[in-house]
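Everything on this sheet refers to the single structure shown next.
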Amino acid sequence: MAKQKYALNPGEKIVFKVSCVRHGFWGAYTHALTITNQSVILEKYGMLNNFKGIERFDYTVINQAIQGEASNGEKQLELYIGSKVEDFALQSGDDNELKVLLMAINDQMGSDAEYYDFNYYQSIVTEAKDTDRILELRAKAQDEAPASGVGGTSLEFAGAAAKNLIRSGDFSAKGLTKAGHLRHTYRS
């Protein structure tokens, strides 16, 4: 079944959207959260992607939006509305996406809301993902870089043993043993 469309209020514009959202602790990750300049809209979907309606949380009734933690340790968005709390979790568990979601809600509830649009928040998410990717690659490169001093990494040992084996040209069992031994005596 195709996704059901709904109309935004006059003057309302979407500034951020996330999918695969769980509403409540026992829910499934089938919903979507749409952040607009007027409200937080929960688009409810069933297990077979069938549209079940929307729930609108206007900024006028939201007291506070914070990052909380579910009883299982999962980070979640918590909207405080009067005496109740609405909680939402992202299936991806992406910390950066949750932070941008929270930022978008708090920005839209503030006085400078008109300065922030969809492209602004998308660029933050993209930059955060790129930064994380760069940090991951940098950490991986440091793990694979030759270590100074005695011992070194197992990758360094294997690389040096392979070089010794190729240099010797002796690919027999004795040559393999000798290549590893040369590496060991070299490091000692």
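Note: hydrogens, waters and symmetry copies are ignored here, and every other heavy atom, side chains too, is used. Numbers here simply count residues along the sequence, with the first being 1.
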Query raised in the report: Looking at side-chain heavy atoms only, is the closest gap between Phe88 and Val18 below 4.5 Å?
Result: no

Report task. Write down the atom of Ala65, the atom of Leu77, and the distance for their closest heavy-atom approach. Result -> CB-CD1, 4.4 Å

**Report entry** Derivation of the side-chain contact (heavy atoms from CB on, under 4.5 Å) call for Thr36 and Ile41
**Finding:** CA-CA 8 Å; Thr36 72; Ile41 300 171; 3.9 Å; yes

Requested in this report: Would you kindly confirm whether Val100 and Tyr59 end up in one hydrophobic cluster when ILVMFWY residues are joined by side chain heavy atoms under 4.5 Å apart?
Outcome: yes

Requested in this report: Say whether Tyr45 and Phe57 are linked into one hydrophobic cluster, either directly or through other cluster members, by side-chain heavy-atom distances under 4.5 angstrom.
Outcome: no

**Report entry** 4.5 Å side-chain heavy-atom contact, Thr30 and Met47
**Finding:** yes

Query raised in the report: With no hydrogens and no angle check, is any side-chain donor or acceptor of Asn106 less than 3.5 Å from a backbone partner on Ile66?
Result: no

**Report entry** Same apolar cluster (I L V M F W Y, side chains within < 4.5 Å links), Ile105/Tyr121
**Finding:** yes

Query raised in the report: Do Ile62 and Leu101 belong together in a cluster built from hydrophobic side chains that touch within less than 4.5 Å?
Result: yes

Query raised in the report: Does a side-chain N-to-carboxylate-O contact under 4.0 Å join Glu86 and Lys84?
Result: yes

Query raised in the report: Of all heavy-atom pairs between Asn63 and Gly82, which one has the smallest distance, and what is that distance?
Result: ND2-N, 3.1 Å

Report task. Looking only at non-hydrogen atoms, find the nearest pair between Tyr120 and Ser123 and report the distance. Result -> O-OG, 2.7 Å

Query raised in the report: Can you check side-chain contact (heavy atoms from CB on, under 4.5 Å) on Ile35 and Ile14, steps first, answer last?
Result: CA-CA 6 Å; Ile35 311 307; Ile14 296 172; over 6 Å; no

Query raised in the report: Can you name the nearest heavy-atom pair linking Leu90 to Val21, along with the distance?
Result: CD2-CG2, 3.8 Å

Query raised in the report: Do Asp107 and Phe16 come within less than 4.5 Å of each other through their side chains, counting heavy atoms only?
Result: no

Requested in this report: Give, for atom CD of Glu55 and atom OG of Ser39, the distance between the pair rounded to the nearest 0.5 Å.
Outcome: 11.5 Å

Query raised in the report: Ion pair present between Asp95 and Lys75, side-chain N to carboxylate O less than 4.0 angstrom?
Result: yes

Query - Beyond-backbone contact of Thr34 with Glu43, side-chain heavy atoms, under 4.5 angstrom - result: yes

**Report entry** Presence of salt bridge, Arg22 and Glu74, under 4.0 angstrom
**Finding:** yes

**Report entry** side-chain contact (heavy atoms from CB on, under 4.5 Å) between Gln108 and Tyr116, intermediate numbers included
**Finding:** CA-CA 8 Å; Gln108 295 305 309; Tyr116 307 106; 3.8 Å; yes

Requested in this report: Output yes when Glu12 and Arg56 qualify as a salt bridge under the 4.0 Å nitrogen-oxygen rule, no when they do not.
Outcome: yes

Query raised in the report: If two hydrophobic side chains count as joined below 4.5 Å and joins carry through other members, does Val61 share a cluster with Leu102?
Result: yes

Query raised in the report: Should we count CD of Glu127 as having more than 12 external heavy atoms under 6.0 Å?
Result: no

Query raised in the report: When the ring planes of His23 and His31 are compared, do they come out parallel, tilted or perpendicular, using 30° and 60° as the limits?
Result: perpendicular

Query raised in the report: So do Gln67 and Gln76 actually touch side chain to side chain, heavy atoms under 4.5 Å?
Result: no

